[in-house]
Amino acid sequence: MDADLNQPEYDIFIKFIILYVSFNGYTFAKYGSSDNNQINKFSEDSTHIAIYNSLNENSEFNTFYNYVNNGNRAQKNCGGVRSCKYDKLYKFNSANKSLHDYMKAIYAVRCNLFHGSKDLDVDNDKLIVTSAYTSFKVFIEKLAQSHDAIETVPCLNS
């Protein structure tokens, strides 16, 4: 497929990427090291856990959780670009519903987009990215508010 990134249907893919890159800049500055280490350390931080827990009743935030738990999975693979030891399916643990599970599922969507495993021609791919973006945007807005930085994060004021 020849991608014309000026088409409106690409907006959600691009918005998710911009939002994740902003998040990745935050976690890299705070924790350094690898993506997995950043996610692990981010997910252990009591402030981040409190933000995550405060969103449990937020319907927009729960769009991704609900979509993934209705039998859809955020599959992390590397799209044949490189070998990947994390080729597995992510589904939230309904009993636990932890920040770590959430971040790993968001990271799986990020990997699929960055490494070419999501396609606009596949309805499930569009729905996964849309629900992940909707949820992650709510989370990042709350995180940015906790740092008085809402105006500095791309995609939050659109």
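For the numbers below, each heavy atom of this structure counts, side chains included, while hydrogens, waters and symmetry mates do not.
Listed here is the closest heavy atom pair of L143 and H48: CD1-CD2, 3.6 Å. Annotation for N37 and G32: closest pair ND2-O, 4.2 Å, computed over non-hydrogen atoms. Nearest heavy-atom pair, H100 versus N40, reported as atom, atom and distance to 0.1 Å: NE2-OD1, 2.7 Å. The shortest heavy-atom contact between Y26 and H147 is OH-NE2, 3.0 Å. Summarising the geometry of S33 relative to Q38, their closest heavy-atom pair is O-NE2, 3.1 Å, with the distance given to 0.1 Å. Considering all non-hydrogen atoms of both residues, I39 and M103 come closest at CG2-CB, 3.7 Å.
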For this session: Evaluate side chain to side chain contact (heavy atoms under 4.5 Å, CB included) for I49 paired with E44, printing each intermediate quantity in order.
Result: CA-CA 7 Å; I49 293 169; E44 294 167 355; 5.7 Å; no
For this session: Output, in order, the C-alpha distance, side-chain angles, deciding distance and verdict of side chain to side chain contact (heavy atoms under 4.5 Å, CB included) for R110 and D35.
Result: CA-CA 11 Å; R110 171 260 183 225; D35 289 343; 3.7 Å; yes
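In this structure, the side chains of N58 and K142 stay at 4.5 Å or more apart for every pair of heavy atoms. Considering only heavy atoms from C-beta on, D11 stays 4.5 Å or farther from Y133 through its side chain. The shortest distance between side-chain heavy atoms of K137 and L19 falls below 4.5 Å. Counting heavy atoms from C-beta on, the side chains of I106 and Y20 come closer than 4.5 Å.
Taking CD1 of I12 as the start and OG1 of T134 as the end, the distance is 5.5 Å to the nearest 0.5 Å. Atom CZ of F136 sits about 10.0 Å away from atom CZ of F64, to the nearest 0.5 Å. For the atom pair CG (L55) and CD (E60), the distance works out to 10.5 Å, reported to the nearest 0.5 Å. Distance OH/Y52 to CG/D101: 7.0 Å, rounded to 0.5 Å.
Checked against the 6.0 Å centroid criterion, the rings of F16 and F13 do not qualify as a close aromatic pair.
Side-chain atoms of S135 and Y102 form a donor-acceptor pair, as typed in the model, at a separation below 3.5 Å.
Remark: side-chain polar atoms of N66 are paired, donor with acceptor, to backbone N or O of N62 under 3.5 angstrom. In this structure, the side chain of S54 engages the main chain of I51 through a donor-acceptor pair within 3.5 Å.
F28 and F139 fall into different hydrophobic clusters, defined by Ile, Leu, Val, Met, Phe, Trp and Tyr side-chain heavy atoms under 4.5 Å apart, directly or through other members.
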